[in-house]
Amino acid sequence: MGDIPPAGPHGGDGPRIARALDIDPGTVLDLSQSPNPFAPDVSSVLGRHLDSLRRYPDPTDAAALLAEAIGIDTQRLMLTNGGSEAIWLVTQEIGGRVWTEPEFGLHPRKPDGPVWRSDPHNPSGRLADPDEAADVWDEAFYPLTTGRWTAGRAGVVVGSLTKVFACPGLRLGYIIADDVERFAHRQPQWSVNSLALAALPELLELADLPSWSEAIAIARKELAELLWRFGFELEAADAPWVLVRAPGLRERLAPHGVVVRDCASFGMPEHVRVGVPDSDGLARLESAMLRSGVEAKSG
């Protein structure tokens, strides 16, 4: 077994941990990312659309279907190569600054300009109050938190289907804006791949945001209770993760094939962010904690 590699800036460290442990990446429980733990089997959906790989991408129909699902005019939405491209396109066009620190690392940090804010806030997991304002809202985790596609606020919205359908390798995001064309002109041709576009209609048919958000809230409570039993200080707010003060926990769990998000990139080196797992993942997390020597509180 090799040395456990240091944490990356944005989570998703499972493949690098697997390489260090010389195990199949599919056997790693990667809680350093926080996608939908109750998403449908995306691989089976993709298998029915492999013929799309023989065609150049055309996002027109897929974008219209997503706009219909969200309940907005098609002219206000564009698809992107993941949420990261959505953030990049908006940043390149209008720049901006974050609402407060800590905040997601891909958001721009200019001294002035449009205000960016993640909702729920990353990393605290707290939903924005109704009277809070921003010019750009990052709603990557909003559907899983609330059971609704968007809050429908004024301004620009960036979103991530990667989180909703637990498919970070597929790369699907979007921008919502009244003047969305100003961002589209910066996007390279064929940016969103044909397989993602072909699968999206079927994925949208499978989407059940209210049930998923309800299940995540229950699973988040169970995760918090487990961590409390081990004596950790934590904040279990509204998002599909829990923020935990746990220095060194990543290094203790990683040798057992369980990865949590190091929060040093947020300026919080003593904290980790733990994605909400399903019941099997929760049992595996508990086992890894016990085997790593983390002792549960008595009583």
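In this text, all values refer to a predicted model and were calculated from it rather than measured experimentally.
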Is any side-chain heavy atom of [X] closer than 4.5 Å to a side-chain heavy atom of [Y]?
X	Y	value
Thr146	Ser213	no
Leu170	Thr162	no
Phe141	His121	no
Val45	Asp41	no
Val156	Phe183	yes
Pro37	Ile216	yes
Pro240	Asn36	no
Leu243	Leu234	no

Is the [atom1] atom of [X] crowded by more than 12 outside heavy atoms at less than 6.0 Å?
X	atom1	value
Asp179	CG	yes
Glu132	CD	yes
Glu101	CD	yes
Glu68	CD	no

For the residue pair Glu85 / Ser191, report whether a side-chain donor-acceptor contact shorter than 3.5 Å exists. yes
Between the side chains of Arg171 and Ser84, is a donor N or O closer than 3.5 angstrom to an acceptor N or O? yes
Atom [atom1] in [X], atom [atom2] in [Y]: separation rounded to 0.5 Å?
X	Y	atom1	atom2	result
Asp119	Asp129	CG	CG	9.5 Å
Ile175	Glu181	CD1	CD	10.5 Å
Leu249	His271	CG	NE2	12.0 Å
Arg148	Ile70	CZ	CD1	13.0 Å
His256	Leu29	NE2	CG	13.0 Å
Leu144	Arg220	CG	CZ	11.0 Å

Is the backbone N or O of [Y] less than 3.5 Å from a side-chain atom of [X], with the two atoms forming a donor-acceptor pair by type?
X	Y	value
Arg55	Ser194	no
Arg261	Trp241	no
Ser211	Asp208	no
Ser292	Leu253	no
Arg186	Trp88	no

Between the side chains of [Y] and [X], is the shortest nitrogen-to-carboxylate-oxygen separation below 4.0 Å, so that they form an ion pair?
X	Y	result
Asp238	Arg126	no
Arg245	Glu235	no
Arg76	Asp73	no
Arg117	Asp135	no
Lys163	Glu139	no
Glu225	Lys221	yes

Nearest heavy-atom pair of [X] and [Y]: which atoms, and what distance?
X	Y	result
Gly275	Ser34	CA-OG, 3.7 Å
Ala264	Asp262	N-OD1, 2.8 Å
Gln33	Pro168	OE1-CG, 3.8 Å
Pro123	Met268	CG-SD, 3.8 Å
Gly96	Trp116	CA-NE1, 3.9 Å
Leu79	Gln187	O-NE2, 3.0 Å

Looking only at the aromatic ring of each residue, does the gap between the centers of [Y] and [X] stay below 6.0 angstrom?
X	Y	result
Phe104	His10	yes
Trp190	Tyr56	yes
Tyr142	Trp137	no

Under 4.5 Å between side-chain heavy atoms, counting indirect links through other Ile/Leu/Val/Met/Phe/Trp/Tyr residues: same cluster for [X] and [Y] or not?
X	Y	value
Val242	Leu127	no
Val244	Val259	no
Val276	Leu31	yes
Phe232	Phe266	no

List the steps and the verdict of side-chain contact (heavy atoms from CB on, under 4.5 Å) for Leu226 and Leu282. CA-CA 8 Å; Leu226 171 66; Leu282 186 68; 3.5 Å; yes
Stepwise side-chain contact (heavy atoms from CB on, under 4.5 Å) test for Asn193 and Leu197: CA-CA 7 Å; Asn193 70 83; Leu197 296 172; over 6 Å; no
side-chain hydrogen bond (donor to acceptor under 3.5 Å, both in side chains) with Asn122: of Arg273, Glu103, His107, only one passes, and it is Arg273
Derivation of the side-chain hydrogen bond (donor to acceptor under 3.5 Å, both in side chains) call for Ser52 and His49: CA-CA 6 Å; Ser52 65; His49 299 280; over 6 Å; no
